[in-house]
Amino acid sequence: MGLSSYVANIGETLGTIFEGMAITASHLVRKPFTIQYPDRTDIRVQDSLPFRYRGLLDVDLEICTGCLACERACPIDCIVIEAEKDKQTKEMILKRFDIDLAKCMYCGLCSEPCPTGSIHHTPEFEGADYSLESLIRRFVKAPVVAYKPAKGPETDPEVAPILTRGLRYLDEFASPGDAKGPATAASAGSAGTDR
Amino acid sequence: MSTNAIDIDVERETPAGFETEEMTLNMGPQHPSTHGVLRFVVKADGEVMRRAIPDIGYLHRSIEKIAEKVGYHGFMPYTDRVDYVSAMQCNQGWAMACEALAGIEVPRRGEYCRVIASEFGRLASHLLSVGATGMDIGAMTPFTHAIREREYINDILEELCGARLTFNYMRIGGCAWDLPPGFAKRAIAFLDRFEPLIDEYNELISFNKIYVERLANVAIVPPEMAIAWNLVGPNLRGSGVKYDVRKDAPYSVYPELEFDVPVGTGERGTLGDSYDRYMVRMREMKESCRILRQALDGIPPGPVIAKVPRTFKPPAGDVYVRVEGSRGDMGWFVVSDGSAFPYRVHIRTGSFAAMAIIEELSKGLMIADLVAVIASLDIVAPEVDR
Amino acid sequence: MQQFADSLLDGGILAGLPRSLGYALVVAFFAFVLLNFIMLIAGVTSWLERRVWARIQSRVGPNRVGPQGVIQWLADGIKNVLKEDIVPTAADKLLFKAAPYLAMIGFFGAWACVPFGDGLIVADLNVGVLYITAVTGLVVVGILMAGWSSNNKWALLGGIRSAAQIVSYEIPAAIAINTVILLTGTLSMQSIIRQQGWAPWNWFLFDNPFTFVAFFIFFVALLAEGNRTPFDLPEAESELVAGAFTEYSGLRSLLFFLVEWGNLYVIGALCTTLFLGGWQVPAFTDNAVIQGALQFVVFFAKSYFLVFVAMWIRATLPRVRVDQLMSLCWKYLVPISFVNLVGAMLWVVAFPNGWMPARVVMFLFGAALVLYFFSRVAFHLRRARPELTFNPIS
């Protein structure tokens, strides 16, 4: 190779190394990006996650109607529900509602078709445990009567807040007739993580 | 394929009369640098390789067979796992295939949301790819910087759909969630921060002489060879062939958006070497930022999802749909027999073809180059094996 | 040290003992002190390297074990010692077990000539520099043995690469040393330092343009000898897992890594001795103890700054491939260092006692380079936008 390209090689090497070292030196004095979970955070991580976060599943049995839509929607059959209609009272009795969290892939397909928002994802993600058995969450301790949605607004003061939250969770999902979406995406004002 | 099928070459005689033989090394499935579980049986003459024979199948999860059991709606989370580095585009591919089968039209806002999500996915995937290339060459710092930027994208997508890696964002007929309030503001803030960082990244590593020397003139793929060996995506464009599914077989709202398709030019070595492929990815990130700004600006109001029955039974027939994934042209072939479960699903991915060309490219390369070649071809194991 | 031993034997604590036994005791004592010092330095260097790396990579690094994580190295050391000692069945057992000790001997022997202050040196040999260069060659034997005896093709590749690299880069290093020896006329470490002054323009670095270039050649060559990035192909993590040391576990692998980190300090000490003025400080007091302590601190600071620069380079640059490494040595460093040597010879003939204006010019040039560097750092800091925080944690 000619002398000029030889010298150019050396010059380019030194120049780019110099520039690269200036960049890394500038990084040396910047704030690090690490969040030192779990003990050196200002607030709990779970409290900072967005409302739509798909963490561990939870079922609010007070508003479960026993429609089995979530069991049908789950692609890996991790939800097992036993519900049967009582012959005399014509009410749905829920005998069993098991979710196998070890199988669940946190896809959210079960919470979408739920009519009341009873099954929903929570911001909890710390589910590690010592035994596989404990990952099967059994939500029905004793047979309960399923919820029957009232014709108008819900009157029971204990169930109403749960239903409100469930419906708010469902509201996040888009639906086909949703012409009332925000006019443009650039809606000023609210920050993202409201609860 | 088992090692029994590999023939061991006979010993050679050197001119001085010594007998030598080739080393057979195993760059096994567990290795700090192969991108996922890939295995190569390397037959090397000291430092120079004769052949590097890939052995795939370590990450095979029979996803295509699972589709026949879970049905059309239920398969959407599985498409995330086909290429978990850029999952949004896989979601879009499957959704488009089902919509083509059943003739469903996605509302305009839904298409815009899909494009926004896909381009963010492309940014994230390219960041990981260039970071991993840097790490394989030996520079650890650009990798962590790339992952740091990827964390911002993960945060943005987390408030969009609730997950950071396996999004399951799209549904047949549109998207599951609309853009949350303030999304565009945050996304634009991220883009404003990110674009100068691409320049900083370039100055740190892409123009670094040592890095250029490692990648330039290594594993040259001329354009005819790229087409003959079925390469797609940045690998094909790095060889100078200007082909992008978003431009040449456009889908969704890409015809309305303005962007360029960067092509390799042999700027530091020969056309089609590893450096070209790497720089094509860096430039594509800038183009993705452009697309994102236009999409966020021009998104129309309206619904994001069309009405699709809970039990989806498309009419019998088959369809082949292509999307531009981060690793290239991803083809989705779905055969339906009229029931609620697909008869056959096949996914054609870019990394599979790239694995095939490695054996051809590895003749005469050094072992240290093999790692660089795998990284520059951007091979991810889940796409290879599905 | 000889005088110290003599003084102890004649009138001090060891009076009455036979000569050789007294010498042996003193030598053993100093070796023990030095070994502790080296282990401490190697350990703290490993911690500092991880913290510096992490900050360059926008993360934090070990900060839990002890205040700011300063005893992380101790925890790692204890963990390594407690690990199971695996010797592969098909490995050559004797060589496998002996290799780390050979590397340690090669590394440890160099410390006999590393100065810490005026009179604070174990043995001021009159061939000090040559001795260090020679003894550190034993490390090559250790690495080669490790690579061969592991019975692992990847380790063998790593060992051979390392041997080729270290042996090749001895040459530019030695020629760069010669450039300085032309000025001093002696190879003894303390004499070289005594001929420099405490002010930067009295250092050999700025003495003439040829020693300036020789410093960079020397530093690069020593980085290559220490298997540090950008020349760490023998232990390239992403290719060969750990190169020559793949099969080692427990205490044996710890010894290899201690050799690598301790070698960083030897690199720093050599560069400081030859180019950066050693332990020279202006004469503040007459008190020998305070002066000695000041010299120790100055020498340590200068060497450790070069250690920090080596860590910083490791975080920045990618790895050089083997054939490029060889071509860098033989096609670039060796010819340039030869030309440099000829230039230095001509300079010494022209200016036998140095030329002050040249020193001042070189010093100003160096200062300008440093200032330009800081201006580039400021530019990058300005261009980087402030961190966005999307989620409200910290």
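In the text below, chain A, chain B and the rest are named by the order of the sequence lines, each starting its count at 1.
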Peer 1: Taking atom CZ of Phe18(A) as the centre, does the number of heavy atoms from other residues, nucleotides or ligands within less than 6.0 Å exceed 12?
Peer 2: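 Above 12, so yes.
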Peer 1: Step by step, work out the side chain to side chain contact (heavy atoms under 4.5 Å, CB included) result for Thr166(B) and Met105(A).
Peer 2: CA-CA 9 Å; Thr166(B) 50; Met105(A) 57 170 161; over 6 Å; no
Peer 1: Do Glu112(A) and His73(B) have side-chain atoms, one donor and one acceptor, less than 3.5 Å apart?
Peer 2: no
Peer 1: What distance do Asn202(B) atom CG and Ile23(A) atom CD1 have between them, rounded to the nearest 0.5 Å?
Peer 2: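 If I round to the nearest 0.5 Å, the distance is 9.5 Å.
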Peer 1: Short question: side chain of Thr13(A), backbone of Lys209(B) - any donor-acceptor pair under 3.5 Å?
Peer 2: no
Peer 1: Kindly determine whether Leu49(A) and Glu158(B) satisfy side chain to side chain contact (heavy atoms under 4.5 Å, CB included), including the steps that lead there.
Peer 2: CA-CA 9 Å; Leu49(A) 293 171; Glu158(B) 183 186 46; 3.6 Å; yes
Peer 1: Just so I understand: if I count every heavy-atom pair under 4.5 Å between each of Gly173(B), Cys175(B), Ala176(B), Ala163(B) and chain A, which residue has the most?
Peer 2: Ala176(B)
Peer 1: Check each atom of Glu151(B) against the heavy atoms of chain A and say whether the ones under 4.5 Å are side chain, backbone, both or neither.
Peer 2: side chain
Peer 1: Do His145(B) and His27(A) make a side-chain contact, defined as non-hydrogen atoms from C-beta onward lying under 4.5 Å apart?
Peer 2: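 In contact.
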Peer 1: Is it the case that the side chain of Arg148(B) and the backbone of Pro32(A) share a donor-acceptor pair, with hydrogens and angles ignored and the cut-off at 3.5 Å?
Peer 2: no
Peer 1: Are more than 12 heavy atoms from other residues, nucleotides or ligands located less than 6.0 Å from atom CD of Glu133(A)?
Peer 2: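 For Glu133(A), atom CD is not crowded (no more than 12 foreign heavy atoms under 6.0 Å).
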Peer 1: Looking only at non-hydrogen atoms, find the nearest pair between Thr141(B) and Thr24(A) and report the distance.
Peer 2: CG2-CG2, 4.3 Å
Peer 1: How about CD on Glu105(B), more than 12 heavy atoms from neighbouring residues, nucleotides or ligands closer than 6.0 Å, or not?
Peer 2: no
Peer 1: What heavy-atom pair brings Ile76(A) and Tyr78(B) nearest, and what distance separates the two atoms?
Peer 2: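 Closest heavy-atom pair between Ile76(A) and Tyr78(B): CG2-OH, 2.9 Å.
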Peer 1: Compare every heavy atom of Leu160(B) with every heavy atom of Arg52(A), then report the nearest pair and how far apart it is.
Peer 2: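 In this case the closest contact between Arg52(A) and Leu160(B) is NH1-O, 2.6 Å.
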Peer 1: Which heavy-atom pair separates Pro303(B) from Pro176(A) by the least distance, and what is that distance?
Peer 2: CB-O, 3.1 Å
Peer 1: Looking at Gly15(A), Pro113(A), Gly108(A), Ser26(A), which one has more heavy-atom pairs under 4.5 Å with chain B than the rest?
Peer 2: Pro113(A)
Peer 1: In terms of heavy-atom pairs under 4.5 Å, which option from Gly110(B), Gly162(B), Cys113(B) contacts chain A the most?
Peer 2: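 It is Gly162(B).
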Peer 1: Taking atom CD of Glu12(A) and atom CG of Asn208(B), what is their separation to the nearest 0.5 Å?
Peer 2: 9.0 Å
Peer 1: Measure the CZ-OG1 distance between Phe33(A) and Thr144(B) for me, rounded to the nearest 0.5 Å.
Peer 2: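 Here the rounded value is 11.0 Å.
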Peer 1: Determine the minimum heavy-atom distance between Val304(B) and Ala174(A), stating which atoms define it.
Peer 2: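 Result for this residue pair: CG2-CB, 3.0 Å.
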Peer 1: So what's closer than 4.5 Å to chain B heavy atoms on His121(A): side chain, backbone, both or neither?
Peer 2: neither
Peer 1: Do Asn168(B) and Arg54(A) make a side-chain contact, defined as non-hydrogen atoms from C-beta onward lying under 4.5 Å apart?
Peer 2: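 When only atoms from C-beta onward are counted, Arg54(A) and Asn168(B) do touch, with a gap below 4.5 Å.
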Peer 1: Could you tell me which of Lys307(B), Glu213(B), Lys69(B), Met76(B) has the largest number of non-hydrogen atom pairs under 4.5 Å with chain A?
Peer 2: Lys307(B)
Peer 1: Which region of Phe75(B), side chain (C-beta onward) or backbone (N, CA, C, O), has a non-hydrogen atom less than 4.5 Å from a non-hydrogen atom of chain A, or is it both or neither?
Peer 2: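 For Phe75(B), neither part sits under 4.5 Å from chain A.
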Peer 1: Counting heavy-atom pairs under 4.5 Å to chain A, which of Pro107(B), Cys161(B), Gly71(B) comes out on top?
Peer 2: Cys161(B)
Peer 1: Is there a side-chain contact between Arg171(B) and Leu109(A) (heavy atoms, below 4.5 Å)?
Peer 2: yes
